[in-house]
Amino acid sequence: MIIKGIRDAKVPDEIFKMGLEFQIINADLIATKTHILHSIYQAKTKNNISKNIWMEILLRASGQKQISNAIKVLGARKGNICVVCGDEKTFEQIKDIVKGLVDDSVLELNDEKEKKIREVFEINLHGKLIERVCEKIALIEVQ
């Protein structure tokens, strides 16, 4: 799997009608690549909520059971995005459409981003953020 960050992207609706296999996630709410890797692992090894692996990755990454809620939480239309796809050719196609600058630093944590993630994922100030996000992903079935 390819996981890349893109800074200042614009995600047009037509990208979702091209038949490509990928997921685009709001990078401003991603707690490092570990967050995405854990979401992919959970999507591949747990009982799926969705019939589509790419949507399952979004569900897992958002910690939500409902697709509409997952899109509200982590859907991305512009700004910093995380692209998850299966191969370099697909990534290049997506990159050409969304423009922006390939920059994995948008996936890293900073104080402002950590505060926003804690708020959205309802994580108190105690405990390590990445571990708590991964815990929420792992426990999605029991919510």
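Checking side-chain atoms of Ser62 against main-chain N and O of Leu58 turns up a donor-acceptor pair under 3.5 Å. Although no hydrogens or angles enter the test, the distance criterion places no donor-acceptor pair under 3.5 Å between the side chain of Lys10 and the main chain of Ile97. The backbone N or O of Trp54 sits less than 3.5 Å from a side-chain atom of Gln23, completing a donor-acceptor pair. Between the Lys136 side chain and the Ile123 main chain, no donor and acceptor come within less than 3.5 Å of each other. Of the possible polar contacts, one joining the Lys33 side chain to the Ile3 backbone as a donor-acceptor pair under 3.5 Å is found. Judged purely by atom type and a 3.5 angstrom limit, Asp104 uses its side chain to pair as donor or acceptor with the backbone of Gly5.
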Might you work through the side chain to side chain contact (heavy atoms under 4.5 Å, CB included) test for His35 and Ile137, ending with a clear yes or no? CA-CA 9 Å; His35 179 167; Ile137 292 166; 3.5 Å; yes
Assess whether side chain to side chain contact (heavy atoms under 4.5 Å, CB included) is satisfied between Ile24 and Cys82, documenting all intermediate values. CA-CA 6 Å; Ile24 293 176; Cys82 174; over 6 Å; no
Under the side chain to side chain contact (heavy atoms under 4.5 Å, CB included) criterion, do Asn80 and Asn26 qualify, and how do the steps go? CA-CA 6 Å; Asn80 300 330; Asn26 179 351; 5.6 Å; no
Please walk me through it: do Lys116 and Glu119 pass salt bridge (charged side-chain N to carboxylate O under 4.0 Å, His left out)? CA-CA 5 Å; Lys116 191 184 298 184; Glu119 182 180 310; over 6 Å; no
Please report the C-alpha distance between Leu59 and Lys65 in whole Å, then the side-chain angles of each, then the deciding distance to 0.1 Å, and finally whether the side chain to side chain contact (heavy atoms under 4.5 Å, CB included) criterion is met. CA-CA 6 Å; Leu59 285 164; Lys65 283 183 165 181; 5.9 Å; no
Run the salt bridge (charged side-chain N to carboxylate O under 4.0 Å, His left out) test on Glu135 and Arg132 for me, step by step, so that the C-alpha distance in whole Å, both residues' side-chain angles and the decisive distance to 0.1 Å come before the verdict. CA-CA 5 Å; Glu135 180 182 274; Arg132 294 294 312 278; 3.4 Å; yes
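Rounding to the nearest 0.5 Å places NZ of Lys113 at 9.5 Å from CG of Leu129. Taking CZ of Phe22 as the reference point, atom CD1 of Ile94 lies at 5.0 Å (rounded to 0.5 Å). If you take CD1 on Ile67 and CD on Glu56, they are separated by 8.5 Å, rounding to the nearest 0.5 Å. Going from atom CE of Met1 over to atom SG of Cys85 covers 9.0 Å, rounded to the nearest 0.5 Å. Taken to the nearest 0.5 Å, the CD1 atom of Ile81 stands 11.0 Å off from the CG atom of Asp28. Atom CG of Asp8 is separated from atom CG of Asp103 by 9.0 Å, given to the nearest 0.5 angstrom.
With a 6.0 Å radius and a threshold of 12 heavy atoms from other residues, nucleotides or ligands, Asp96 has its CG atom above the threshold. Few gaps surround CD on Glu131; more than 12 heavy atoms of other groups in view lie less than 6.0 Å from it.
Side-chain polar atoms of Ser50 and Asn52 form no donor-acceptor pair below 3.5 angstrom.
Hydrophobic cluster membership differs between Leu107 and Val102, with clusters built from Ile, Leu, Val, Met, Phe, Trp and Tyr side chains linked at under 4.5 angstrom. Follow the hydrophobic side-chain contacts under 4.5 Å out from Ile30 and you reach Ile57 in the same cluster. No path of Ile, Leu, Val, Met, Phe, Trp and Tyr side chains, each step under 4.5 Å between heavy atoms, connects Ile15 with Leu74, placing them in separate hydrophobic clusters. Under the 4.5 Å side-chain heavy-atom criterion for grouping Ile, Leu, Val, Met, Phe, Trp and Tyr, Val73 is connected to Ile36 within one hydrophobic cluster. At a threshold of 4.5 Å between side-chain heavy atoms, the hydrophobic network of Ile, Leu, Val, Met, Phe, Trp and Tyr places Ile53 and Ile2 in two separate groups.
Residues Lys95 and Val83 are not in side-chain contact: their nearest non-hydrogen atoms beyond the backbone lie 4.5 Å or more apart.
What you find for Phe121 and Leu29 is that their closest heavy atoms are CE1-O, 3.9 Å. The nearest pair of heavy atoms linking Ala138 to His38 is CB-NE2, 3.9 Å.
Ion pairing between a basic and an acidic side chain is recognised when a charged N comes within 4.0 Å of a carboxylate O; Glu14 and Lys17 show no such pairing. Ion pairing of Arg77 with Asp13 is present here, as a side-chain N (NZ or NE/NH1/NH2) and a carboxylate O approach within less than 4.0 Å.
Considering only residues two or more places apart in sequence or on other chains, Glu114 meets the side chain to side chain donor-acceptor pair (under 3.5 Å) condition with Arg118.
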